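Okay, structure first, notes after.
Please read these numbers as outputs of a predicted model, since none were measured by experiment. Below, chains carry the letters A, B, ... as their sequence lines are ordered, and counting in each starts from 1. Below, each value reflects all heavy atoms present in this structure, side chains not excepted, and no hydrogens, waters or symmetry copies.
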Number of protein chains: 2
Amino acid sequence: MDFEQAKETIFHALSKKNMILCIGKCYVEYWGRAASKLPKGKRMLLIKGDNSFAIHQNRLLRPVNYMMNCQISQKISDNALILEARKTKPKETMKVFFYSIDFLETFKMDESHDLRLFGSEKELSDLLAEDLSFIEPGLKPFKREGLLRQGVVDILAEDKQGNLVVIEVKRRLASYNAVSQLQRYMKQVEKMKNRKTRGILIAPDIVKPAHELLENYGLEFMKLDFDIGNPEAKIKGLTKKQTTLFD
Amino acid sequence: MDFEQAKETIFHALSKKNMILCIGKCYVEYWGRAASKLPKGKRMLLIKGDNSFAIHQNRLLRPVNYMMNCQISQKISDNALILEARKTKPKETMKVFFYSIDFLETFKMDESHDLRLFGSEKELSDLLAEDLSFIEPGLKPFKREGLLRQGVVDILAEDKQGNLVVIEVKRRLASYNAVSQLQRYMKQVEKMKNRKTRGILIAPDIVKPAHELLENYGLEFMKLDFDIGNPEAKIKGLTKKQTTLFD
DNA sequence: CGGGCTAGCTGCGAG
DNA sequence: CTCGCAGTTAGCCCG
């Protein structure tokens, strides 16, 4: 395909925010947060209406090179159509050298992007917060007046003995990270309120070494089974895991 | 476009591991690790030779629905071409209902996927490990015989005083996670070797509250400046950050 | 195969 | 803006 014509087609599509598909033999350079070179090969360039710019190979979900929210410019050299994507903050540049174009098409798309997702961590956390007695009898919500930023701690509560309880919910198998996070939150709350504070990690399961770490920290784990996409019976069971500390 | 013909085209491309692009009005359902419904709209389906399956809208880099390593099957109902992607472990299903097809094309692609990336954390870590005196005079490598899995601790060393030194390298702004990680590694090594152990976090910078946490843990921070994609002068500087504890 | 972690993470949301 | 984090994280690597 003729480079001049391709350039014109792309220019027009960019102004209309149409989706652009271009397949051809290209070489890609990137410099910014890291640097990379992608040797010549047949690949697909996908430009979307929000100025996302991605080079896809015929494998993997993720593009091999990409840039979001970039300014796109074109130029024609002796033997290539060069597309350049630029960005500031952080400063990044990506150049795609098309040596031949096998395919180029642009598409007017509509803008509906209203995916409805079920089973997010937030959803689970909110469900649990609705009835804390499900976690432990006598547990009641605790107002965090400027205690911690909203959204940092999943659930903050107070138990029957008047202890503060920091609750971290994970929607999948918990690992070291989850334990470290909870430990950090728990210590923070304990320090700020100067009160005895417990920490409970709630997840479908926990990896063994992470569970040991959790016990060393004096934290607690609760196993949570939940049904996804079934609003009537989302939380299947919530059982306190046997621990050597609290047996 | 005719559904029967489309089905045939897709079937053939799948067997050849050709890239498949299909644009049309569709509705998408997903159930697996989570669940989602994507209302009818014009979108692009991208199937790659490694059986990655993705629905793209005209915004964002990431697909709105996707599945990797899936088995793909097709069927035609009264008014739709239905593509189903399935997977076990974990069990997942995704159905795409195409009500109309604006565009369908398949492409034979080559398989070169040899991106050369510079500036990864591993690269920086290896560079630093080559000359530990750059971090601190008298620092020498320490053999981790079965101490910790390879790759868990970036660098393990011994200082002039005979202390063990656990070093964690981050290629970008360090945050809580980096501090928690280092703390965990440091404690682990300290316990296993029963020796005084230091922990040093090396990164271009560190967020303020994370730095406070680091100091509370008795860990150290070093600022690392590096050039990306410049093999001759990659590490520009390494300076110990002033701390209130060690001033 | 699971566990742990980096990623040019991306994308979102709160302060 | 920045910080912090979830994600159907993805993808890699090491036991």
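Closest contact between the side chain of A/M68 and the listed nucleotides D/dA10, C/dG11, D/dA6 involves C/dG11. Considering only the side chain of A/L115, D/dT8 comes nearest among D/dT8, C/dG8, D/dA6.
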Salt bridge (Lys or Arg N to Asp or Glu O under 4.0 Å) assessment of A/R33 paired with A/E92: CA-CA 7 Å; A/R33 285 168 291 176; A/E92 294 180 294; 2.8 Å; yes

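For the P atom pair drawn from D/dG11 and C/dG11, the interatomic distance equals 14 Å after rounding to whole Å. Of the C1' atoms belonging to D/dC5 and D/dT9, the separation is 12 Å, rounded to the nearest Å. Taking atom C1' in both D/dA10 and D/dA6, one finds a spacing of 14 Å when rounded to whole Å.
Here the CG atom belonging to B/N18 is positioned 12.5 Å from the CD1 atom belonging to B/I10, to the nearest 0.5 angstrom. The CZ atom of A/F221 lies 12.0 Å from the CD atom of A/E168; values are rounded to the nearest 0.5 Å.
Note on B/S120: only backbone sugar-phosphate atoms sit closer than 4.0 angstrom, heavy atoms only; bases stay farther off. Residue B/R171 is in sugar-phosphate contact alone, with no base atom involved, counting any heavy-atom pair closer than 4.0 Å across all strands shown. Base contact: B/E92 has a heavy atom under 4.0 Å from a base atom. Across all strands shown, B/V64 has heavy atoms under 4.0 Å from base atoms, whether or not it also approaches the sugar-phosphate. In this structure, B/E168 reaches the sugar-phosphate backbone alone: every heavy-atom distance under 4.0 Å involves primed, P, OP1 or OP2 atoms, never a base. B/K170 comes within 4.0 angstrom of sugar-phosphate atoms only, judged by non-hydrogen atoms across all strands, and of no base. Nucleic acid contact class of A/M67 (heavy atoms, under 4.0 Å, all strands): base.
B/K87 NZ: more than 12 foreign heavy atoms inside a 6.0 Å radius.
Between A/K37 and A/E29, at least one side-chain N (NZ, or NE/NH1/NH2) sits under 4.0 Å from a carboxylate O, which counts as a salt bridge. Look at B/E111 and A/R59 and you find no salt bridge, because none of the NZ, NE, NH1 or NH2 atoms lies under 4.0 Å from a carboxylate O.
Under the 6.0 Å distance and 45° angle rule, A/R171 does not count as a cation-pi partner of A/F226.
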Polar pairs (N or O, both sides) under 3.5 Å between protein and nucleotides 2-4 of chain D?
{"unit_1": "D/dG4", "atom_1": "OP2", "unit_2": "B/S175", "atom_2": "OG", "d": "3.1"}

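One can find a donor-acceptor pair under 3.5 Å joining the base of C/dG8 and the side-chain atoms of A/N65.
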